[in-house]
Structure formats: C-alpha cells, structure tokens
Amino acid sequence: MPDTSPPPDQSQPRLRIGFLLAPRFTLSAFATFVDVLRLAADDGDGSRPIRCRWKVLSTDMAPVQASCCARIEPDERLGDPARFDYIFVVGGLIEGGPGLSSEHATFLRRAAQARVPLGGLCTGVFALARLGLMDDYRCCVSWFHHQDFLAEFEKMRPVSDQIFVVDRDRLSCSGGVSAAHLAAFLVDRHIGGAVARKSLSILMIDEPMQGDRPQPGLPLELNARDPLVRRALLAMQQNLQAPLPIARIARDLGVGRRKLERHFNADLGIPPADASIRIRLAQARMLLTRSDRTVTRIAEETGFCDASHLIRVFRESEGITPDLWRQQSQGVENLA
C-alpha cells in the first residue's frame, strides 16, 4: 500500500528551545549550545532557523549581563511555555547576586506542569533544584561545583563524573564544551545524527560524546567537605603542570602546613601530597584515554619530572604501565 499520510510541514521547526538567562550567566555554555542549534538549523552555514529555533525569554526585555560582562538582548516575553520542546536555564556565578525572578519561577513551574522538559546548563541546575524541580531526578554538576551543590542540597546526590545527564524530562550538563554535546544529543534525537555530527565538525569538535563520558577534574574519592581542604584541592587542580609545594598552598591559604595536613587527614584520611598525586594521576588517565599524547608529553602536562617518574608512580597505583593501561582501556571501548 502506498503511503498516503501527509508530508511533514517543512515550515515548522523540529526542535524549539526557550532559554532563561540567570543574572551573570555563563556565556560559553549558552553560546556553545546555541551554535550547535544554529548550525543544525540550516543546510551549510546559512544560519537560517529552519529545522530548529531558539528564543531568549524575558519578563521585561532588559538585556541580561553574563559573568564576562557581555549582554544578551532577549527575543520575547515569557508567554506560554508549551510552545517549546525544551526550556533551559543557563546559570552562572553561584553567588552572583539575585537569581531568577518570581516570574521566572512561575513560568518554569507552569512548564513542568505542562510536561515541557526542563534543562540546566552549567549551574542552571542549581536554579531548578531551588524550585524543587529536580526532586527525584538525577542531575549533572561540574566537579568544580560538586561540593557547592552538596552544601545547598544535602539530600541530593549530583552526578559529577559525566558530562551531561538526561533523566526522563530533565536534562543537565556540567558546562563548557559539554553544552555542545548535550545540544548535539537533542539535534540527533529530533533532526538526525548526520546533522548533529555536521554541527560539531564545523565547531572543530571531533565527534559527539555520550553523556556518560567522564568529566576531567578531581577524582571522585576526593569528596571533601572541609572548606579548607576543598580550597587546597582546587589549587592543586589549577596547577597541574607545575604543582605547588604543599607548604606554598598552605601559605596561600593563610595556614601552616601542619594544620593543612591535619585537615586533610581528618577529612579525606590522606595527606595533601597524596591527594596531589591522585589528582595528577586522574588527569594522566584521562589523557591516556582521550588523546594520542605520548607518555612523555602527558608527564609534562601533569607535573611529573619525566616519563620515568610518571611510569613508576602509575605502576605503583595501577599495577601496570601507562602504555599498557591505554591499550587495555582502548580495547574495552572497542568491545563496548
């Protein structure tokens, strides 16, 4: 029997997304997400919003300032949330002043009641959680803000070892380039995989990543609650290539080395030097899995004296050399 169903209406976009920008939002997460939509919306690089459309929503149409001080002009007022397939909140600085307005909160609750899927880009998931819209959902939070999230939402357990999470009608990502991969996931779902890959290729991103791709960052076992320990861990993470002496970290934090060591032992059960090694080894494992860098290059980028030093420490931790670990990891990925 011939197909007599009417052809799809080509004038209607297959993906419609509304954005709420929090004060001092993260421009990179928003721009990267939108650029994937832009490149998917039209053939070539015409930027015509044909296959998908997006709108920045507002209560008063005033420009919204990003954390980098750039300003974005809204497209239209809030209106009916059901006109969108998804609504995303783009977060920014956690302590960046006023959050979403009461009108925004009402709009998001109406969207949830209308079963419009809601998402949080970067720290946008904080805004959704504050409204109770992430209750009983898994959510993705950057490793950088993992402890901030736990401090505010004690009963929730954020996912900080994936780049994005899709749990039924809630979507969240860790920020940065993960926003592009979440956008590509939606393009793949609504428009097609070829279009998603084209968008990422134009953005010089090799291939789409699945949501369970691990975030680069602190090892999960370093789940510190002590504010002093958390600040020290961030200093270690931010100085991977040229690790700071523990005494220097302590001095920068305004405490003595022995006090810092006591806090580490009480909170994590290990001294600061061991934590530094674990952070650098975690980065080395990530580079071995996700790049073709030589062991010598990885040693340089993770603060080891040379390849021999990395190989020795790596073997003590993993029981095998970095090259063999890479071969085994790639073999597991190929089987998957």
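Numbering starts at 1 and runs along the sequence shown.
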Heavy-atom side-chain contact between F19 and K55 under 4.5 Å:
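No - every pair of side-chain heavy atoms lies 4.5 Å or more apart.
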Is there a side-chain contact between I298 and P322 (heavy atoms, below 4.5 Å)?
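The answer is no, as the side chains (C-beta and beyond) never meet within the 4.5 Å cut-off.
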Please confirm whether R16 makes a cation-pi placement over F84, using NZ or CZ under 6.0 Å from the six-membered ring centre and within 45° of the ring normal.
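No; the conditions do not both hold, so R16 does not lie above the ring face of F84.
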Intermediate values then yes/no, salt bridge (Lys or Arg N to Asp or Glu O under 4.0 Å), D35 and R38:
CA-CA 5 Å; D35 248 0; R38 175 183 69 85; 2.7 Å; yes
Heavy atoms from other residues, nucleotides or ligands near [atom1] of [X] exceed 12 (cutoff 6.0 Å):
X    : atom1 : answer
Q210 : CD    : no
R168 : CZ    : yes
R130 : CZ    : yes

If we ignore angles and hydrogens, is there a donor and acceptor under 3.5 Å between the side chains of S178 and S174?
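Looking only at side-chain atoms, S174 and S178 do form a donor-acceptor pair, the distance falling under 3.5 Å.
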Determine, using the 4.5 Å side-chain heavy-atom cutoff (strictly less than), whether Y137 and I87 are members of one ILVMFWY cluster.
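Yes, same cluster.
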Report the relative orientation of the aromatic rings in F164 and F185; use parallel for angles under 30°, tilted for 30 to 60°, perpendicular for over 60°.
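Ring orientation, 0 to 90° scale: tilted.
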Under 30°, 30 to 60°, or over 60°: which ring-plane class applies to F88 and F33, parallel, tilted or perpendicular?
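Answer is tilted, since the angle falls between 30° and 60°.
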Strictly below 4.0 Å, N to O, side chains only: are [X] and [Y] in salt-bridge contact?
X    : Y    : answer
R230 : D226 : no
R48  : D42  : yes
R83  : E76  : yes

Just by distance, do the side chain of T302 and the backbone of Q283 share a donor-acceptor pair under 3.5 Å?
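Here the side-chain-to-backbone pair does not exist.
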Could you check whether any side-chain N or O of S67 sits under 3.5 Å from a backbone N or O of L93, counting only pairs where one atom can act as donor and the other as acceptor?
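Side chain of S67 to backbone of L93, a donor-acceptor pair under 3.5 Å: no, none is there.
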How long is the straight-line distance from [atom2] of [Y] back to [atom1] of [X], given to the nearest 0.5 Å?
X    : Y    : atom1 : atom2 : answer
R257 : I249 : CZ    : CD1   : 9.5 Å
R53  : D85  : CZ    : CG    : 11.5 Å
D306 : R312 : CG    : CZ    : 9.5 Å
D60  : R77  : CG    : CZ    : 7.0 Å
S102 : F107 : OG    : CZ    : 14.0 Å

Under the side chain to side chain donor-acceptor pair (under 3.5 Å) test, residues paired with R197 that sit two or more places apart:
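R197 satisfies side chain to side chain donor-acceptor pair (under 3.5 Å) with no residue once adjacent residues are dropped.
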D252 and R248: salt bridge (Lys or Arg N to Asp or Glu O under 4.0 Å), yes or no, with the steps?
CA-CA 6 Å; D252 290 347; R248 163 69 185 279; 2.8 Å; yes
